[in-house]
Amino acid sequence: MKTWLSFILLFLTLSLGAQSNKLVTVHKAMELMGSRFDITVVASSEDVGLINIDEAAAEIERVEALISSWNPDSETSFINQNAGIKPVKVSQELFSLIERAVQVSQLTEGAFDITYASLDNIWKFDGTMKEMPSPDLVKNSISNVGYQHILLDARQQTVFLAKKGMRISFGAIGKGYAADKAKELLVSKQVVGGIINAAGDLTTWGTKANGEKWLIGIANPLSAERIFSWLPVVESSVATSGNYEKHFVHEGVKYSHIIDPRSGYPTSGVNSVTVFAKTAEMSDALATAIYILGKDEGLELISQLGGIEVVLIDSENRVYQSSGILLEKTP
């Protein structure tokens, strides 16, 4: 439900040489969870930094084994296989993640919904689709979607998808969660600073080796190669949803590949949403939800949430931000 090539660009000052306090910045890019992950750490040496990065990668692989709906042996797949049949006892970690996902669904009135995986694949965003599907086809496509049908039993620690044909997937929250868990592991090992960039779901801690804050650049809506504004990211996380890579144009209207799970229709009216929150998990989930909710509802929601900020660019390339965001436009 989310693309990582969007109007957020991460600019890192990387160096493998000696810096202040004899710390170095070590970076490595790798393929994890089917996407590109960039892991950057501040360490006492390059060798130590690479060990830290390998530990973070192993943690991300552990999370993937837990939440993947493509792995038939995962707990998530077992939940899907038993939809409409029986509750499934799961680990406390997965139960808690699903519980938080349902809470976000309630908060966003279903704009975020991990049962979106139940949607029939009636939309094509590869350029081959020429006409809108019929209303009946769209209605049928969402017949098994609805977070209200995820039944959780905290005492038994079970998850039950009440309707046969239901499926859950963590595509709009999983990479953010994996980034958070990798960060948590590295912080526990006294890694003083770093960034986990999980295909655009980004979480930071500490500072660069020279003591400067980590910065992200919000790209100019009229030119993705130019920076519109720089923003510091301090002990925070960022995620962006956008329609740049995949979309469908019908009668002059550009529809995103992000489908509203409540209606079954692609969203329109917004080009990108960038959310700043304490965790990458929450940033990831809310970026998707606010993109679907649209400008007015999305900004209203953020205004009611403490510690969460947003930058939204609409389909006319107008930029909006929540009250806690101060954009310093570059020349």
Side-chain angles (χ1 to χ4, degrees), residues 1-12 35-36 38 104 107-108 111-112 171-173 175-177 179-180 195-204 213-247 256-258 267-330:
M1 293 177 71
K2 192 178 76 63
T3 181
W4 67 277
L5 287 177
S6 50
F7 274 175
I8 181 173
L9 301 176
L10 172 65
F11 289 83
L12 299 175
S35 301
R36 172 172 168 147
D38 289 270
V104 176
L107 180 69
T108 62
F112 172 85
I173 194 172
K175 291 183 182 67
Y177 176 67
D180 287 336
I195 291 183
I196 312 292
N197 185 359
D201 299 331
L202 179 153
T203 190
T204 73
K213 297 175 182 176
W214 302 107
L215 294 175
I216 63 154
I218 304 295
N220 190 313
L222 300 178
S223 174
E225 284 73 37
R226 296 183 61 190
I227 297 302
F228 175 74
S229 179
W230 291 96
L231 290 171
V233 185
V234 182
E235 303 292 337
S236 186
S237 303
V238 187
T240 295
S241 286
N243 65 359
Y244 315 110
E245 285 186 318
K246 300 178 182 178
H247 58 268
S256 165
H257 74 289
I258 300 175
T267 51
S268 61
V270 175
N271 278 349
S272 78
V273 172
T274 300
V275 172
F276 298 77
K278 191 66 177 175
T279 66
E281 175 189 318
M282 182 60 78
S283 300
D284 196 358
L286 285 180
T288 300
I290 293 167
Y291 190 98
I292 290 169
L293 288 170
K295 175 179 71 70
D296 294 336
E297 285 188 72
L299 291 173
E300 174 63 23
L301 173 63
I302 290 297
S303 72
Q304 300 174 40
L305 301 177
I308 298 175
E309 304 293 344
V310 66
V311 177
L312 182 148
I313 301 174
D314 71 9
S315 56
E316 302 298 321
N317 289 322
R318 291 175 297 224
V319 180
Y320 303 85
Q321 70 258 21
S322 54
S323 59
I325 294 284
L326 297 177
L327 295 177
E328 296 184 2
K329 299 179 183 180
T330 57

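Along the sequence shown, residues carry numbers from 1.
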Which value, rounded to the nearest 0.5 Å, describes the distance between Lys295 atom NZ and Ile290 atom CD1?
13.5 Å

Minimum heavy-atom separation for Ser241 to Ile258, with atom names?
CB-CD1, 4.0 Å

Look up atom NZ in Lys278 and atom OG in Ser283, then write down how far apart they are to the nearest 0.5 Å.
11.0 Å

Worked check of side-chain contact (heavy atoms from CB on, under 4.5 Å) between Leu305 and Leu286:
CA-CA 11 Å; Leu305 301 177; Leu286 285 180; 4.1 Å; yes

Taking all non-hydrogen atoms of both residues into account, name the closest pair between Ala280 and Ala179 and its distance.
CB-CB, 4.2 Å

Run the side-chain contact (heavy atoms from CB on, under 4.5 Å) test on Met282 and Val104 for me, step by step, so that the C-alpha distance in whole Å, both residues' side-chain angles and the decisive distance to 0.1 Å come before the verdict.
CA-CA 8 Å; Met282 182 60 78; Val104 176; 4.2 Å; yes

Within a strict 4.5 Å, meaning less than it, do heavy atoms of the Asp284 and Tyr177 side chains meet?
no

Roughly how far, to the nearest 0.5 Å, is CZ of Arg318 from CG of Leu312?
10.5 Å

Here the gap from Asn197 atom CG to Arg36 atom CZ, rounded to the nearest 0.5 Å, amounts to 8.0 Å

When you compare the side chain of Lys175 with that of Ser35, does any pair of heavy atoms fall below 4.5 Å?
yes

Mind checking what makes side chain to side chain contact (heavy atoms under 4.5 Å, CB included) contact with Glu300, not counting sequence neighbours?
Ser303, Gln304

Shortest non-hydrogen pair, Gln321 vs Leu299, comes out as C-CD2, 4.5 Å

Go through it in stages, so that I can follow the logic: the residues are Val273 and Thr240, the test is side-chain contact (heavy atoms from CB on, under 4.5 Å), and I'd like the CA-CA distance, side-chain angles, deciding distance and then a yes or no.
CA-CA 5 Å; Val273 172; Thr240 295; over 6 Å; no

Quick check: closest heavy atoms across Thr203 and Asp180, and the distance to 0.1 Å?
OG1-OD1, 4.0 Å

Steps toward side chain to side chain donor-acceptor pair (under 3.5 Å) verdict (Asp314, Asn271):
CA-CA 5 Å; Asp314 71 9; Asn271 278 349; over 6 Å; no

Looking at every non-hydrogen atom in both residues, tell me the closest pair between Thr274 and Val238 and how far apart they are.
CG2-CG1, 3.5 Å

So, for Ile313 and Val270, which heavy atoms are closest and what is the spacing to 0.1 Å?
O-CG1, 3.6 Å

Take Phe276 and Leu231, measure what side-chain contact (heavy atoms from CB on, under 4.5 Å) needs, and give me the verdict at the end.
CA-CA 10 Å; Phe276 298 77; Leu231 290 171; 3.5 Å; yes

Got Leu293 and Thr267 here, is their nearest side-chain heavy-atom distance under 4.5 Å?
no

Beyond-backbone contact of Ile195 with Leu202, side-chain heavy atoms, under 4.5 angstrom:
yes

